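Have a look at the structure below before the remarks.
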Amino acid sequence: MHKDNGLVRDVFGPKAMSVLEGRVGIAHCRYPTAGSEGMDEAQPFYVNSPYGIALSHNGNLINTEALREQVFAQDRRNINTGSDSEVLLNVFAHELDTQRTLSPEAAIRAVAGVHRRVRGGYAVVSVVLGSQALVAFRDPHGIRPLVLGKREHNEGTEYVVASESAVLDILGFARVRDVQPGEALVITARGELFSEVVAEPAQQAPCIFEYVYFARPDSMIDNVSVHKARMRMGVKLGEKILRLRPDHDIDTIIPIPDTSRDAALEISNVLGVKYREGFIKNRYVGRTFIMPGQASG
């Protein structure tokens, strides 16, 4: 395991990569928001019982405090940080421990137990070190995105599970499909894929902010192009402006780089108003618009 603050390209240099050996791995990066000042809440999280499990999580749980009490009082496990991801890891670890066996079927049943207890949005990738298997799952509402890809080579089939399909394009993987809401995936060290939807049916409710802002425009989420979704948002907004303010006095449309460009261009087309670039992004510094706390603001 290797963690540090900074850009991925700086944290995972040749020296760090040289010691990360094996056929399976997980990775995580995050905004510099609250809780990111030190290493305590950096992911992946690890717990040694049972079998050794490392887990990374994208999302937010809404019953974290209740789960924290359950994990301590009922599951007899200790939580060391304020992170809901560590709580989620310990819930999964406990559910896997109750299976009394280590198999793809046991891991899938453990994920079913997680879905019964956990509430909120979560897309998870984890490694069960005892079997060298990758276990991935998505919350029953599909709030956070998760996509499955694969590529063939001389030694067989490789799989990848990621938050964005753009990752697959960059690494030469073919996009297979989105992980379904409430689904559990297990990929063994031999490259076998097991999958099953193990949550009760729920209304799919993807986070709109993925389409508005978080995701790259060249990604696909639940078979919807992020680029096209943003264009359609621009058309809708332009039509609304014409409907509510037909005598508008808008002189120009200026996007805030980069995510609003697709929408801004369509607003410009609908209104017949000039599109102009008014803000320039500095590509040579890290993120500065979200700080860890008020003291840094």
Side-chain angles (χ1 to χ4, degrees), residues 8 23-31 43-44 54-61 85 88 92 104 107-108 111-112 114-115 118 120-128 133-153 156-189 191-199 201-233 258-259 262:
V8 172
R23 298 176 60 86
V24 60
I26 58 175
H28 183 273
C29 58
R30 60 169 292 172
Y31 275 154
Q43 299 187 45
L55 179 145
S56 289
H57 156 233
N58 173 32
N60 295 93
L61 308 187
S85 304
L88 181 58
F92 175 56
I108 289 173
V111 172
V114 171
H115 289 323
V118 173
Y122 50 94
V124 172
V125 290
S126 63
V127 179
V128 181
L134 180 76
V135 180
F137 51 95
R138 191 179 180 194
D139 69 83
H141 293 282
I143 296 172
R144 289 297 171 203
L146 203 61
V147 64
L148 172 68
K150 73 174 182 177
R151 67 183 177 187
E152 306 289 346
H153 57 83
T157 303
E158 285 183 307
Y159 289 98
V160 63
V161 182
S163 290
E164 288 203 67
S165 63
V167 171
L168 314 185
D169 302 330
I170 293 168
L171 297 178
F173 282 78
R175 178 174 168 270
V176 176
R177 61 178 177 84
D178 294 281
V179 177
Q180 298 303 301
E183 185 177 18
L185 297 181
V186 178
I187 301 166
T188 70
E192 303 163 306
L193 174 65
F194 298 82
S195 67
E196 184 178 347
V197 176
V198 290
Q203 181 180 5
Q204 187 165 357
C207 175
I208 192 174
F209 221 49
E210 295 284 353
Y211 293 100
V212 172
Y213 174 70
F214 285 143
R216 280 175 46 139
D218 52 339
S219 281
M220 298 278 292
I221 300 177
D222 293 320
N223 291 319
V224 175
S225 163
V226 173
H227 170 63
K228 290 182 179 179
R230 289 177 183 166
M231 290 176 66
R232 288 191 289 266
M233 290 176 197
D258 288 314
T259 50
D262 295 335

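All values derive from a computational prediction rather than experimental measurement.
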Review point. Cys207 versus Arg144: any side-chain heavy-atom pair under 4.5 Å?
Key: yes
Point to revise | Side chain proximity check, His141 to Pro181, heavy atoms < 4.5 angstrom | key: no
Check your understanding: Closest approach of Pro140 and Ala202, non-hydrogen atoms and distance?
Key -> O-CB, 3.8 Å
Exercise for review: Carefully, step by step, assess Val198 and His115 under the rule side-chain contact (heavy atoms from CB on, under 4.5 Å).
Suggested key: CA-CA 8 Å; Val198 290; His115 289 323; 3.7 Å; yes
**Study point:** Pairwise distance CZ(Phe173) to CG(Leu148) - rounded to 0.5 angstrom
**Key:** 10.0 Å
Point to revise | Donor-acceptor pair, side chain of Glu164 and main chain of Arg216, under 3.5 angstrom | key: yes
Check your understanding: Between Asn60 (side chain) and Gly120 (backbone), is there a donor-acceptor pair under 3.5 Å?
Key -> no
Review point. Which class fits the ring pair Phe92 and Phe137: parallel under 30°, tilted 30 to 60°, perpendicular over 60°?
Key: tilted
Point to revise | Positive for side-chain hydrogen bond (donor to acceptor under 3.5 Å, both in side chains) with Asp222, one of Arg177, Gln180, Gln204 | key: Gln204
Practice item. Identify the two heavy atoms, one from Ala123 and one from Leu146, that lie closest to each other, and give their separation to 0.1 Å. Key: CB-CD1, 4.0 Å
Check your understanding: Are more than 12 heavy atoms from other residues, nucleotides or ligands located less than 6.0 Å from atom CD1 of Ile208?
Key -> no
Point to revise | Beyond-backbone contact of Thr259 with Val212, side-chain heavy atoms, under 4.5 angstrom | key: no
Revision key, fill the gap. Closest heavy-atom pair, Ser165 versus Ser219, reported as atoms and distance to 0.1 Å, is OG-CA, 3.3 Å
Review point. Looking at Ile187, Leu193, Leu185, which one forms a side chain to side chain contact (heavy atoms under 4.5 Å, CB included) with Leu134?
Key: Ile187
Review point. Between His57 and Val124, is there a donor-acceptor pair closer than 3.5 Å when you use the side chain of the first and the backbone of the second?
Key: no
Check your understanding: Looking at CD of Glu210 and OG of Ser163, how far apart are the two atoms once the value is rounded to the nearest 0.5 Å?
Key -> 7.5 Å
Review point. Which atom names give the shortest non-hydrogen contact between Thr188 and Pro104, and what distance separates them?
Key: CG2-CG, 4.1 Å
Point to revise | Nearest heavy atoms of Ser85 and Leu55, plus distance in Å | key: O-CD2, 4.0 Å
Check your understanding: If you measure from CG on Asn58 to CZ on Phe214, what distance do you get to the nearest 0.5 Å?
Key -> 8.0 Å
Check your understanding: To the nearest 0.5 Å, how far apart are CG in Asn223 and CG in Asp178?
Key -> 5.5 Å
Review point. Would you call Arg23 and Glu158 a salt bridge, taking side-chain N to carboxylate O under 4.0 Å as the test?
Key: no
Exercise for review: Identify the two heavy atoms, one from Pro217 and one from Asp262, that lie closest to each other, and give their separation to 0.1 Å.
Suggested key: CB-OD2, 3.7 Å
Check your understanding: Short question: side chain of Arg230, backbone of Tyr211 - any donor-acceptor pair under 3.5 Å?
Key -> yes
Check your understanding: Quick check: does any side chain N or O of Ser126 sit under 3.5 Å from a backbone N or O of Val135, one acting as donor and the other as acceptor?
Key -> yes
Review point. Which one of Glu192, Glu152, Lys150 satisfies the side-chain hydrogen bond (donor to acceptor under 3.5 Å, both in side chains) criterion with Thr157?
Key: Glu152
Review point. Side-chain contact, heavy-atom cut-off 4.5 Å: Arg232 with Val224?
Key: yes
